[in-house]
Amino acid sequence: MSKYAPLEFTVPEPASRPGDDADFSDIDIPLAGTVRRPPIDVSPSEIKDLSSTMIRVLRRDGAAVGPWAQEGIDDLLLTGLRSMMRTRAFDERMMTLQRQGKTSFYMKCTGEEAIAVGHQLALSPGDMNFPTYRQQGLLIAQEYPLTDMICQILSNERDPLKGRQLPVLYSSKKHGFFSISGNLGTQFIHAVGWAMASAISGDTKIASGWIGDGSTAENDFHSALVNASVYKPPVVLNVVNNQWAISSFRGIAGGDEATFAERAHGYDIASLRVDGNDLMAVLAVSDWAIERARRGHGPTLIEWVTYRVAPHSTSDDPSKYRPREESDAWPLGDPVIRLKNHLVQRSLWSEERHSQAEAEFEDEIRTAAREAEEFGVMGEGSSARDLFEDVFKEMPPYLREQRQKLGV
Amino acid sequence: MSKYAPLEFTVPEPASRPGDDADFSDIDIPLAGTVRRPPIDVSPSEIKDLSSTMIRVLRRDGAAVGPWAQEGIDDLLLTGLRSMMRTRAFDERMMTLQRQGKTSFYMKCTGEEAIAVGHQLALSPGDMNFPTYRQQGLLIAQEYPLTDMICQILSNERDPLKGRQLPVLYSSKKHGFFSISGNLGTQFIHAVGWAMASAISGDTKIASGWIGDGSTAENDFHSALVNASVYKPPVVLNVVNNQWAISSFRGIAGGDEATFAERAHGYDIASLRVDGNDLMAVLAVSDWAIERARRGHGPTLIEWVTYRVAPHSTSDDPSKYRPREESDAWPLGDPVIRLKNHLVQRSLWSEERHSQAEAEFEDEIRTAAREAEEFGVMGEGSSARDLFEDVFKEMPPYLREQRQKLGV
Amino acid sequence: MNMVEAIRDAMDIKLADDKNVVVFGEDVGFFGGVFRCTQGLQEKYGTSRVFDSPINESGIVGAGIGMAAYGLRPCVEIQFADYIYPAYDQIVSEAARLRYRSAGDFTAPITIRSPVGGGIFGGQTHSQSPEALFTHVSGLKTIIPSNPRDAKGLLISAIEDDDPVVFFEPKRLYNGPFDGHHERPASNWTKHPLGDVPDGHYTVPIGKASVFRPGRDLTILTYGTMVYVAEAAVNETGVDGEIIDLRTLLPLDIEAITASVQKTGRCMVLHEATLTSGFGAELCARVQETCFYHLEVPVERVTGWDTPYPHAQEWDYFPGPTRVGNALKAMMETV
Amino acid sequence: MNMVEAIRDAMDIKLADDKNVVVFGEDVGFFGGVFRCTQGLQEKYGTSRVFDSPINESGIVGAGIGMAAYGLRPCVEIQFADYIYPAYDQIVSEAARLRYRSAGDFTAPITIRSPVGGGIFGGQTHSQSPEALFTHVSGLKTIIPSNPRDAKGLLISAIEDDDPVVFFEPKRLYNGPFDGHHERPASNWTKHPLGDVPDGHYTVPIGKASVFRPGRDLTILTYGTMVYVAEAAVNETGVDGEIIDLRTLLPLDIEAITASVQKTGRCMVLHEATLTSGFGAELCARVQETCFYHLEVPVERVTGWDTPYPHAQEWDYFPGPTRVGNALKAMMETV
Ligand SMILES: Cc1ncc(C[n+]2csc(CCOP(=O)(O)OP(=O)(O)O)c2C)c(N)n1
Ligand SMILES: Cc1ncc(C[n+]2csc(CCOP(=O)(O)OP(=O)(O)O)c2C)c(N)n1
Ligand SMILES: [Mg+2]
Ligand SMILES: [Mg+2]
């Protein structure tokens, strides 16, 4: 009847599902050291190519190469390695606590440690992160007290958030760590607003916003980019592309044919795509974007390419939706091992020191956990009185009445 | 103290304000006929350049040139000219009605007529537009009864929308014209959803979504693009960039350094930027995008570059925020005059026929208005009973009771 | 059958008998939903009928409205009701208004499913009960079933309804009736008569309450999880409460409510949502309008407090059987 | 001074005395707002303090929250309350929750101004009164002034408040008190005592109602435009109604309400928003809780109907003086 064939509806599918072999052949990975490093005041339109490639520093053999390789940062690299290792050890310990029924819920960042750790090391005191639930590295890299973190996870008497938040949704203004929302994406525009405020106030502080690949689909991603585009505030917009959003792969967020970094083009925002499992690349690109922002050259969006090795959370079983061995096949490797290899090659580190450090961190965290558990687990020690505090600055009479009704 | 200078906050400003000379020197206009015409199944990444230029067919001297110039469409061009003229005459008459206090409110599309008219002429019966308030041309180009339109504007006894909507917020399923929302942007994702439904149903119909430059900042713009990116449904996403959104210029929507067409790049959606005051370009590009969609090659975003000659609405006074003579300086000219020149040059039309047609349309519309006014003006003749209908398909008892209480 | 299975069964039946029904939302496709409500449906009906959506709640509802305007009947999932707010504009300004503003020219028969309520230690963003934010919106119907049998029948009704329906599923009831005694072992639906779900197609009418437990002393107006909390409190206090399970909040079954309260002369309103401007306020207002001269004591609201839903203090927030029981006794003591 | 001028004056004073105050929203910068509330402020304070925002309500509030977390005090405008829904998630999940979820570590002292109400022939998207959708949200304060003097003092209080405040401005009152007699010539504020606005800085406390008109027969609880409709109805019927102008809906001045209703024994609740789950429901519920034994007749709600706000039938929807007057008389006749 019609000269046109019936239309078809297509839904993108990941390259592999449970039972298939893992397949990452669709991910193009340029050799380390091959991507140029533009000046920090470059105009966004001049670096569009940098959103479609991948900035990498650490070569497979451990050498640091190319224009993004920084020198004279040995101490920083050692700190980075330690922070990544501590983050990983922390995650492992917390999983154990969850299995022991001491907390209801936990979320690991295994395989993604380089991103938060490296970025935090590039920030300055007073700068503000607007994180998601997978940036524990931001706190751990700056010596936030592990006991406090665990008290929050256990929702106990010493929980800095007084039992009000789900485990892992930390908040610490002092550590430049904005209160994590359980609602995805909302913080991205907060980061932009905070950065606008810094500029309005003639300050020199910058904001760093965080979002997952899946959450870029949320509308707040757009409001953040539109406002960043219009006012050019000092903000770094980090997209952590770990390939998965619970059970849906990056293609369900429209990140299959175009990269997430390319989203920035239409907004005249500088953007870079980076190997997120390469701590040296993370440090160098973070430095670049932070300096660009702080010098008044405006926002940068960074796509950090990585892989969510862990289940989404302790409530998730990824073997239901992706090949079990997918994470082993992940072509960018393990960020801890890659940095270790570099440092060992340069004799700044050794296998023995690595094992020692592992033991040391395990110990440190076990001690912190023990200390924290003394104040209760699974909500023990939280006070019903706290239920009514902080709804407002001053408790209005009707809330006082409700508290009385509860008898606390 | 700090090695960094205090940050500064900047807000984009238009090139000229009241009292200044109009200035459009920042708008790059390529010569007509110089932009290539790719095949309809081209991949979005191969035509990124077409979002930063401007597809134009009608030369200043009236000739139609280049790969987008279509031949053998003389009748269509004449229909296009007439429809544009009728649209303009309609707007003028409605302004008069508003000044006479017969309607409370009106919105003109003066200077933008080519876009809706041209696009409608490229659509097929059964296709569905999701318009804004400035696409009256979609209805007028397909002989929607003017009396019905005016009855809606007068909110009278014969108002097809029973007095429930603000004037100009038409709805006509039969004419492929989705109910206009007073809330900006919401319809863009509806268009995508409708197109998804067409594909799911194995249909051959396409949807056409409409949004203004200012409204691209709304979050629904993003949800539309994300869903269009993921499912690649048969939809054309039209951005009418008329430079202004009430008092704010395109830069406040982030459309100053990047074009609105470029927004599509990060979503892997084909996009084209077009001279919206050139009916031949509108026809050709609409054809291309509609055919692309209908053949299953997915969505296209089109930025139509034009200028809002009229005040935002009858409640607006643009001399408060832009130079009074700005519209005369608009470099893309008047769509009616440009097409007229082309047709006259080709002897398909003449100044006399033009004047005759003007008189004819004025008459037609005056007659329609007179007819419509017989059914009441300014809400006269609307029924309070209609207040309670159509809240739901069946009126629930509590609404029946409320109607009784009102005594109608 | 538990409530998850009942809900899945309803979608399964509608997918099978109406080719215009489509099901989508975050993680609902291959994976079958984080609460498994759509498990197996994609395999059975294909990716054109059951599929994953981007993480964009506004887009889920917005695209659904477009599909509905085309002629489909989308049944979409919002992963938690706490995440429905990004879609609020599409629900309120678009789905709810489309029929009215187009004088019936376009309609939006969309069903929006979403788990509500707390009791799963989910903190403030996995526990909310936002039903009152929808009952204020003209043009929407709001349903909250309390058991598998109603859930299936009401969900079929919702999908078949020609208007937009917000369908809230009390997540604490997915696996079993829950009476608020969180310290006791959880019970499950297999042992409960309302877990006995008829096969095949049937409907439970929208807008009709059910008398969950007849009684003479006092009427308890409630819905969702709180039905079982009310039951526990009645059993524990010996107050012979008549428990009305509203099932649909809008349109409200005012006849059933009035009949009961006029009989008992006392009325408690019970919900998990915060007190102020909760749906309980509307119930109070209606009851005192229709039963003023029958009321012996003021209508009493027992609800969550006017605070966000806390994490560790969940059971201090939750209006459990003790709090309900005390209120019941107090209401019976008042002269 | 009219209400627009009073509101502008409040922002002017706060912009001058606190460098952390910033004002932004759609068209509020160079142009001064579609209702002219910010006219001249950009010229006076510069584009860093007063500026246009993109047309993205969620972004306006979201950026405002980020700024507030930094230490600023944003006072933002949503052009019409009908367009606040896209920002609903940012208001509910973020602004209202930030202090609580961070245990006071971060706060969001943001003021969200927006014109509400109908009576301007604006149709369903320029007329809504969505206040009840905010009073259900813990962590928010909601204000609706009814006159220039209160508007200025309350807006200064709102900007100085350390918590998020939703500040609704009845647009029909911008230019003059409006009693619902749309067929009569409009009056303006110059002739009204409450249009006499003090110079300089002063505050009207949040959470305190005012007795707009004392009376003995009956209490009318109302706010915004409806205050004048109540006054007209009282004058026209001769019922000696005590009109309480609530001014703040949350926190509610329950003491003032209780004192009045216990005195009069009769209570009408009057608002323009739709009936079901409107703020009137909460008022009914509270009144019957605190004044049950004083009430001689049921609390009566006179409100907009449960329909979208129509265009042509605006005055059939609007609860005008006739409808209010009839209800007043009926309430006095009931025994
Ligand atoms: C508004 C909202 N919608 C849905 C959810 C449920 N949810 C929690 S995490 C998640 C996936 C996020 O994926 P991504 O952004 O890629 O982050 P990742 O978990 O991979 O770090 C979803 C859907 C939520 N928390 N908030
Ligand atoms: C959600 C929403 N926010 C704000 C408005 C008020 N408003 C109506 S039209 C308009 C400007 C739109 O500009 P643009 O999208 O460029 O379209 P144009 O008027 O130029 O055709 C604004 C802000 C609205 N109608 N809806
Ligand atoms: Mg992810
Ligand atoms: Mg415009």
Side-chain angles (χ1 to χ4, degrees), chain A residues 8-14 17 104-105 155-156 159 161-167 169 181-186 212 214-221 245-249 252-254 315-316 320-321 376 378-384 386-391 396 398-399 402-403 405-406 408, chain C residues 22 24 26-34 36 39 42 46-60 62 79-80 82-83 85-87 89 120-128 274-276 302-317 319 323 326-327:
Chain A
E8 276 170 39
F9 185 66
T10 53
V11 179
E13 272 295 316
R17 284 292 195 188
S104 52
F105 183 78
S155 303
N156 67 18
D159 172 1
L161 305 185
K162 301 189 180 166
R164 300 218 188 93
Q165 272 280 45
L166 209 59
L169 301 184
S181 179
N183 299 59
L184 294 173
T186 49
S215 305
T216 60
E218 288 286 10
N219 278 341
D220 289 305
F221 179 78
I246 309 184
S247 76
S248 69
F249 86 119
I252 298 293
S315 318
D316 179 45
K320 290 231 171 69
Y321 51 80
M378 274 295 256
E380 283 167 14
S382 69
S383 155
D386 279 337
L387 176 53
F388 298 93
E389 301 282 343
D390 293 329
V391 179
Y398 73 94
L399 276 179
Q402 293 187 10
R403 191 174 71 186
K405 261 200 171 171
L406 181 58
V408 294
Chain C
V22 289
F24 61 100
E26 296 159 19
D27 300 293
V28 311
F30 188 86
F31 184 57
V34 295
R36 329 298 299 134
Q39 198 180 7
Q42 181 176 78
T47 52
S48 296
R49 305 282 307 283
V50 180
F51 52 90
D52 282 344
S53 73
I55 305 176
N56 182 313
E57 292 75 13
S58 180
I60 291 171
Q79 204 164 78
F80 285 86
D82 317 66
Y83 306 142
Y85 307 125
D89 186 47
I120 63 155
F121 219 48
Q124 58 184 272
T125 57
H126 302 88
S127 305
Q128 294 169 47
T274 52
L275 177 78
T276 300
V302 182
T303 70
W305 307 114
D306 277 328
T307 69
Y309 212 107
H311 176 64
Q313 300 89 343
E314 171 153 80
W315 300 114
D316 299 312
Y317 175 92
R323 190 132 71 84
N326 289 341

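Residue numbering restarts at 1 for every chain, and letters A, B, ... go by the order of the sequence lines. Fair warning: this is a prediction, and the values are worked out from it, not measured in the lab.
- Note that the NE2 atom of His126(C) and the OG atom of Ser315(A) stand 8.5 Å from one another [nearest 0.5 Å].
- Put simply, of Pro86(C), Gly122(C), Ala312(C), the one with the most heavy-atom pairs under 4.5 Å next to chain A is Ala312(C).
- Only the side chain of Leu184(A) comes within less than 4.5 Å of a heavy atom in chain C; its backbone stays farther off.
- Contact annotation for Gln79(C): only side-chain heavy atoms (C-beta onward) come within less than 4.5 Å of a heavy atom of chain A.
- A donor and an acceptor atom, one from each side chain of Asp306(C) and Gln402(A), are located under 3.5 Å apart.
- To the nearest 0.5 Å, atoms CG (Asp316(A)) and CG (Asp27(C)) are separated by 8.5 Å.
- For Arg17(A), the part sitting under 4.5 Å from any heavy atom of chain C is the side chain, from C-beta outward, and nothing else.
- The ring of Phe30(C) has its center no closer than 6.0 angstrom to the ring center of Tyr321(A).
- There is no contact between Phe221(A) and chain C, counting heavy-atom distances below 4.5 Å.
- Two residues are said to be in side-chain contact when any heavy atoms from C-beta on lie closer than 4.5 Å; Ser104(A) and His311(C) meet this criterion.
- For Ile246(A), the parts lying under 4.5 angstrom from a heavy atom of chain C are both the backbone and the side chain.
- With no hydrogens or angles considered, no side-chain donor-acceptor pair links Ser248(A) and Asp52(C) at under 3.5 Å.
- Residue Leu275(C) touches chain A through its side chain alone, counting heavy-atom pairs closer than 4.5 Å.
- A donor-acceptor pair under 3.5 Å links the side-chain atoms of Tyr83(C) to the main chain of Gly182(A), judged by distance alone.
- When heavy atoms are compared at a cutoff of 4.5 Å, Glu314(C) does not approach chain A at all.
- Atom CZ in Arg164(A) sits 7.0 Å away from atom CD in Gln313(C) (nearest 0.5 Å).
- With a 4.5 Å cut-off on non-hydrogen atoms, Thr10(A) does not touch chain C at all.
- The shortest distance between side-chain heavy atoms of Trp305(C) and Lys405(A) falls below 4.5 Å.
- Remark: Ser383(A) OG to Asp316(C) CG distance equals 8.0 Å, nearest 0.5 Å.
- Using a 4.5 Å heavy-atom cutoff, the side chains of Ile252(A) and Ser53(C) are not in contact.
- A distance of 4.0 Å separates CZ in Phe9(A) from CZ in Phe51(C), rounded to the nearest 0.5 Å.
- The OG1 atom of Thr307(C) sits 11.5 Å away from the CD atom of Glu389(A) when rounded to the nearest 0.5 Å.
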Legend entry - Step-by-step side chain to side chain donor-acceptor pair (under 3.5 Å) determination, Asn183(A) to Thr125(C): CA-CA 7 Å; Asn183(A) 299 59; Thr125(C) 57; 4.8 Å; no

